[in-house]
Amino acid sequence: MASAAPDKMAVSAPGFDSAPVTVASHAPQLDDEDMSDDEPLIRKKVNGSGAKKRIGGDSSNSSDDDEKPLSKKPRVSNGMTSKKRRVVDSDSDESDAGPSVKKEPEPTPKTNGTSKPRSSTAKKTAPPATDSDLSEDDKPLAKRTTTNGNGSGKANGNGKPTSAAKPKAKATKKAPSSDEDSPSLSEESSSEDEKPLAKRKPVPKPRQSAGSTTTTAAAKKKVKAEPESDDDDDDVPLAKGKAKAKPTGKDKKPVVKKEKKVKEEEDEEEKYKWWEQEALGDGEVKWTSFEHNAVLFPPPYIPLPKNVKMKYDGVPLTLPPESEEVAGFFGAMIETDHAQDAKFRENFFKDFKTMLDKYPPKENVKVKSLDKCDFKPMFEHFEREKEKKKAMTRDEKKAIKEAKDKMEAPYLFAMVDGRKEKVGNFRAEPPGLFRGRGEHPKKGTLKHRLRPEDIIINIGKDAPLPQANIPGKWKGVQHDNTVTWLAHWKENVNGNAKYVFLSAGSSWKGQSDRAKFEKARELIKHVDKIRKDYTEDLKSKVMADRQRATALYFIDRLALRAGNEKGEDEADTVGCCSLRFEHVTLTPPNTVVFDFLGKDSMRFFQEVQVDAQVFKNIKLFKAEPKKKGDDLFDRLTTTLLNKHLNSMMPGLTAKVFRTYNASWTFQKQLKNTPKNGTVAEKIAAYNTANREVAILCNHQKSVSKNYDTSKAKHEDKIRALKYQRMKLRLQVFSLDPKLKKKRPDLAEDESDMDEDFFERHETDLLEKAIDNAKKKFEKENIKAEEEGEKKKDKKELDERLKEIKDEFKELRKERKSKKVEPRRGATEEKLLEQITKMDERIATAKVQLEDRDKLKDVALGTSKVNYIDPRITVAWAKRYDVPLEKLFSKTLREKFPWAEAEAEKNWVF
DNA sequence: AAAGTAACTTAGAACAAAATAC
DNA sequence: GTATTTTGTTCTAAGTTACTTT
């Protein structure tokens, strides 16, 4: 049982403190100078040079591009394809703009258009590594400049540029040792604290019912289900196959539970501190008693009011509920990009027609073309409903909420060995149209409504069998205590399994999450050797080893994912091992350009300087017989790679590198925290570090649709401040002309201002002033009336307005003459002070604008939730005295209670 | 070995709520 | 206040990995 991991504790971070350099080698690299760069210039666009682009574009390079027939699974081409992802390069600014062309048509990373033969047959074509190339030196380590664009696949049909391809290059450089200062880490302590102190040793807390452990692990492999007698029982073949024996130590449980429950109820506290216990291993027994209510099904479909009908070719159709519901799925989406997408429409329509055949409209109309379908009436109805809902009174809303909470209450928690644990996704997924990401071949397909007959539940043998909230019997009931899911089903669109698990804050999830980070820390101890080995293997005479080494190099330096093979029925995305010929381009002397779609069809686009040997290897891997569509690493699979990794360190797999590099980088970046800054400044430093990690992991988000507008608005706001500053400045000069000489800095005109803006701004101000005056006047009148006084004459208002207008005329005049009369009460001193204040405001606004820009397409959340060891954050917060709640939202704190408990301020990853 | 199964982690979009701007 | 923007949460798709079956 559990005992498993003795070692996991104490990891020391080699070289961390000392770090200087070593670091360099550890982290993925940030080139020289670290931080800093954030500055204005942000992205150093390295690539402007044009080199990059060659990607798909000029086929020239590849000589042959025709598809390669041979590949093994000739992915059928779906003709279209090309459409998508346009990367428009929004503002040209980005790099690419440069030379020739931006990526206009589509950068199409994926050559996909046509078919992509991703074949495995292709594998094997490669020649053995001839030694030819081995050079000896390896040198510089890669320095990467990255570019990266996002152009993610989201391309909405409409030509909106959703995203431009923008390289966000970041280059951080690091000064050699500089780290010294690291504030922190108190030196030494570190070593020790490595182990999070206390805790680490599991204080064997009486795990309650002991049962668990006691239960023999024997059960180990599945316990299978037996037909629960109660109600139905036919539980299908229960879990298919496996018959397991079950150990369950059940007996005692009931008792325990009861007591526990009571306690719990009283004071919520008493939270179970699982991290103080011994961790449990993989296929081991996870529970002894397990109670829950499985899933909550959505309410049945409620037909639309009779007057709401879709039209076909102008004719309203009366649809039976079954087909009406499907029509409604699409109807609700007509304003989204999905509804414009050809593939989505095609798939939807196919399923819709099938539905109509079975449940035809009363009108006896044959629906043959989606273009003739008009879902607008449905759409509008939904919109009205939304409005109605919004307009409900507070009480109505509250009543609804209460009803909902009541309905959900039984599903919120599960009892695990007597402990109350929060369930994650207990809702059965509602029917709808499948929204696959990127060019998913199945997008738009109808996802069926689930029934109990679709669901298999996993629950304690002695637990009461849950009764579904809609009629029906479970597909199966099993009692496998080696797994943690509550329920699962197979989804009809892709045939994928879906599971209901406990929430992220549960002990099961917490334990494995912590184990994940411990494993990543374990890697610290082995990474030097691993790097040395793969660097050596880059020159191996064995092709398979050479490829593996090269892949590992990318995984380590670029944080690529493993990259399993994918099927025909999925979007064509790749990871390291599945990179194909066309995803990597070489630019001598040592630059490699990556351009491919990764998980979720997010574009990975980077120019990287690599070791000479790596460059040579890629050239070799792309050599002759190989062509577009072939695997770059034809002798490598994720299985092989992971097997090798596992031999270097137990439990090591490709994904561990991402975790390790992300956390390591984060910790390192945090050293830039200003020791004496304000809390806001520290948080900014924290976010900057977070951002570096997000960029490393290529975590992107789509740029919000109103980003441009919003940005322009902010820019105007800054200009408005500058306008005020100008007025102040000119006033001082009127007071003291000599200042012009004395303060040349004040003599300069504000940047970024032009006549156009002045006009606009002044007009704006005028309008606002008029508006305010009117409002004020009205208000005063109302008040006067209330107090029985006489209303003021309209004339008064007119006069006031006139005054305002005159003032503005004055403004204009001042602007033309560049002379501003000091306003009453103005003194040189006061004005100068105001200018200083204004400068600050302007600077702040600018920084804010830049920050926003830097984050517009970067998603920080993913790395925070999944990759960065939360203990780094906790320790940092303690060290810099920043309240943790400013860094972790409520759910994150619930997810990481263990980190809060075990990381002291000197804790290091 | 390749294909398929199972279980669990990671991911961005969509939606909801809270914070700010107006 | 109300509208808008930002932040946080939910949802479920899309990965990884180990294991099993063919």
Side-chain angles (χ1 to χ4, degrees), chain A residues 72-73 120-121 123 150 152-154 221-222 239-242 282-283 286 333 336-338 386 424-430 432 434-438 440 442-443 447 458 480 482-485 488 490-491 493-504 508-509 512-513 516 561-567 570-571 573-578 598-602 637-643 645-646 651-656 658-659 662 694 697-702 704 706-707 709-710 713-714 717 768 771-772 852 855 857 859-867 888-892 894:
Chain A
K72 110 182 342 43
K73 0 176 110 175
S120 44
T121 48
K123 278 183 168 282
N150 79 298
S152 43
K154 26 202 104 207
K221 247 5 206 182
K222 353 277 285 51
K240 26 305 251 16
K242 38 240 320 348
D282 217 13
K286 308 275 202 323
M333 301 174 70
T336 69
D337 294 342
H338 289 119
K386 263 189 236 162
N425 53 323
F426 57 81
R427 263 176 280 264
E429 292 178 14
F434 174 71
R435 286 144 120 105
R437 313 268 171 94
H440 193 116
K442 298 272 189 73
K443 64 182 165 185
K447 201 164 78 160
N458 186 48
D480 182 351
T482 64
V483 295
T484 66
W485 52 270
H488 103 266
K490 195 149 169 203
E491 153 266 334
V493 178
N494 297 294
N496 292 333
K498 296 287 188 120
Y499 293 81
V500 172
F501 290 111
L502 291 186
S503 75
W508 282 340
K509 293 288 189 174
S512 56
D513 207 33
K516 168 184 76 187
R561 296 188 182 81
N564 287 302
E565 284 292 325
K566 293 190 69 187
E570 304 174 273
T573 62
V574 302
C576 189
C577 296
S578 48
K599 183 177 179 181
D600 289 307
S601 291
M602 300 312 285
T637 64
T638 52
T639 307
L640 251 24
L641 177 66
N642 282 336
K643 233 171 224 150
L645 289 175
N646 196 263
L652 184 62
T653 62
K655 82 192 266 281
V656 179
R658 263 169 85 83
T659 310
C697 297
N698 200 40
H699 291 147
Q700 307 179 346
K701 68 177 179 193
S702 50
S704 104
N706 345 295
Y707 180 75
T709 318
S710 151
K713 216 154 125 188
H714 281 261
K717 234 182 241 169
K768 256 180 221 145
D771 236 47
N772 282 343
R852 272 170 47 101
L855 289 175
D857 54 356
L860 303 190
T862 307
S863 49
K864 203 187 237 185
V865 174
N866 304 300
Y867 288 101
F888 282 169
S889 65
K890 175 162 103 25
T891 37
L892 275 188
E894 277 166 13

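Just the heavy atoms: all of them, side chains too, but no hydrogens, waters or symmetry mates, feed the values below. Chain naming here is simple, since letters A, B, ... match the order of the sequence lines and numbering starts at 1 in each. Nothing here was measured: the structure is a model prediction, and the numbers come from that model.
- Nearest nucleotide to the side chain of K713(A), out of dT5(C), dT10(B), dT17(C): dT5(C).
- For T484(A) and dA7(B), the shortest distance from a side-chain N or O to OP1 or OP2 is not below 4.0 Å.
- Between the NZ atom of K498(A) and the C1' atom of dG15(C) there is a distance of 13 Å, given to the nearest Å.
- Between E491(A) and E429(A), every side-chain heavy-atom pair lies at or beyond the 4.5 Å cut-off.
- Distances shown here put every side-chain N or O of T891(A) at or beyond 4.0 Å from the OP1 or OP2 atom of dG8(C).
- If you check every strand for non-hydrogen atoms under 4.0 Å, G563(A) touches sugar and phosphate atoms only.
- Across all non-hydrogen atoms, the minimal contact from C697(A) to A662(A) is SG-CB, 4.2 Å.
- Contact annotation: K447(A) side-chain N/O to dA13(C) OP1/OP2 distance is under 4.0 Å.
- Looking at which nucleotide of DNA chain B each of H338(A) and K516(A) is closest to, the 5′-most match is held by K516(A).
- Nucleic acid contact class of G598(A) (heavy atoms, under 4.0 Å, all strands): sugar-phosphate only.
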Subject >> Trace of the side chain to side chain donor-acceptor pair (under 3.5 Å) decision for R852(A) with S710(A) >> reply: CA-CA 10 Å; R852(A) 272 170 47 101; S710(A) 151; 2.5 Å; yes

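- Taking the side chain of H699(A) as heavy atoms from C-beta on, and the options dA11(B), dT17(C), dC8(B), the nearest nucleotide is dA11(B).
- If you check dT16(C), dG12(B), dC8(B) against the side chain of R437(A), the one that comes closest is dG12(B).
- Checking dA14(B), dA11(B), dT17(C) against the side-chain heavy atoms of T653(A) singles out dT17(C) as nearest.
- The side-chain heavy atoms of T637(A) and E565(A), taken from C-beta on, include no pair separated by under 4.5 Å.
- Candidate nucleotides dA18(C), dT10(B), dA14(C) were compared by shortest atom distance to the side chain of N642(A), and dA18(C) ranks first.
- For dT5(C), neither phosphate oxygen OP1 nor OP2 lies less than 4.0 angstrom from any side-chain nitrogen or oxygen of R852(A).
- Taking atom CZ on R427(A) and atom C1' on dA16(B), their separation rounds to 13 Å, with Å as the unit.
- No contact: K768(A) has no heavy atom under 4.0 Å from any strand.
- OP1 or OP2 of dT16(C) has not a single side-chain nitrogen or oxygen of R658(A) nearer than 4.0 Å.
- The side chain of K717(A) approaches dC22(B) more closely than any other nucleotide in the set dC22(B), dT16(C), dA14(B).
- Within 4.0 Å of K386(A), counting heavy atoms only, lies no atom of the nucleic acid at all.
- Note: Y499(A) and H488(A) have parallel aromatic rings, judged against thresholds of 30 and 60 degrees for the angle between ring planes.
- In this structure, D857(A) and Q700(A) have side chains that are not in contact, with every pair of non-hydrogen atoms separated by 4.5 Å or more.
- The CG atom of L640(A) sits 13 Å away from the P atom of dA18(C) (whole-angstrom rounding).
- Between K442(A) and dA13(C) there is no side-chain polar atom (N or O) within less than 4.0 angstrom of OP1 or OP2.
- Distance, L855(A) CG to dT7(C) P: 9 Å, rounded to whole Å.
- Between M602(A) atom CE and dG15(C) atom P there is a gap of 12 Å when expressed in whole angstrom units.
- One interatomic measurement links the two molecules: NE2 of H714(A) to P of dT5(C), which rounds to 8 Å at whole-angstrom precision.
- Checked against dT5(C), dG15(C), dC22(B), the side chain of K599(A) finds its nearest nucleotide in dG15(C).
- Considering only side-chain N and O atoms, H440(A) lies nowhere under 4.0 angstrom from the phosphate OP1 or OP2 of dA13(C).
- Using a 4.0 Å heavy-atom cutoff across all strands shown, S512(A) reaches sugar-phosphate atoms only and no base atom.
- Dashed line: the shortest gap from a side-chain N or O of K655(A) to OP1 or OP2 of dT10(B) is under 4.0 Å.
- In this structure the side chain of K442(A) reaches within 4.5 angstrom of the side chain of N494(A), judged on heavy atoms.
- Here the nucleotide nearest the side chain of S702(A), chosen from dA11(B), dA13(B), dC8(B), is dA13(B).
- Distance, N698(A) CG to dT10(B) C1': 14 Å, rounded to whole Å.
- Among the protein residues, A497(A) comes within range of no part of the nucleic acid, since none of its heavy atoms lies under 4.0 Å from any strand.
- Y867(A) has a side-chain polar atom (N or O) that falls below the 4.0 Å cut-off from OP1 or OP2 of dA11(B).
- In this structure, the nucleotide among dT10(B), dA6(B), dT17(C) sitting nearest to the side chain of A654(A) is dT17(C).
- Between dT10(B), dA7(B), dT16(C), one nucleotide has an atom nearer to the side chain of D513(A) than all others, and that is dT10(B).
- Spacing between atom CZ of F888(A) and atom P of dT9(C) amounts to 13 Å, rounded to whole angstrom units.
- If you check every strand for non-hydrogen atoms under 4.0 Å, F501(A) touches a base.
- Residue N564(A) has a polar side-chain atom (N or O) positioned under 4.0 Å from OP1 or OP2 of dT16(C).
- Residues A562(A) and L892(A) each lie close to DNA chain C; by heavy-atom proximity, the contact nearer the 5' end of the strand is made by L892(A).
- Take the nearest nucleotide of DNA chain C for E429(A) and for T639(A): the residue whose nucleotide is more 5' is E429(A).
- Side-chain atoms of L502(A) and T484(A), non-hydrogen and from C-beta on, never get closer than 4.5 Å to each other.
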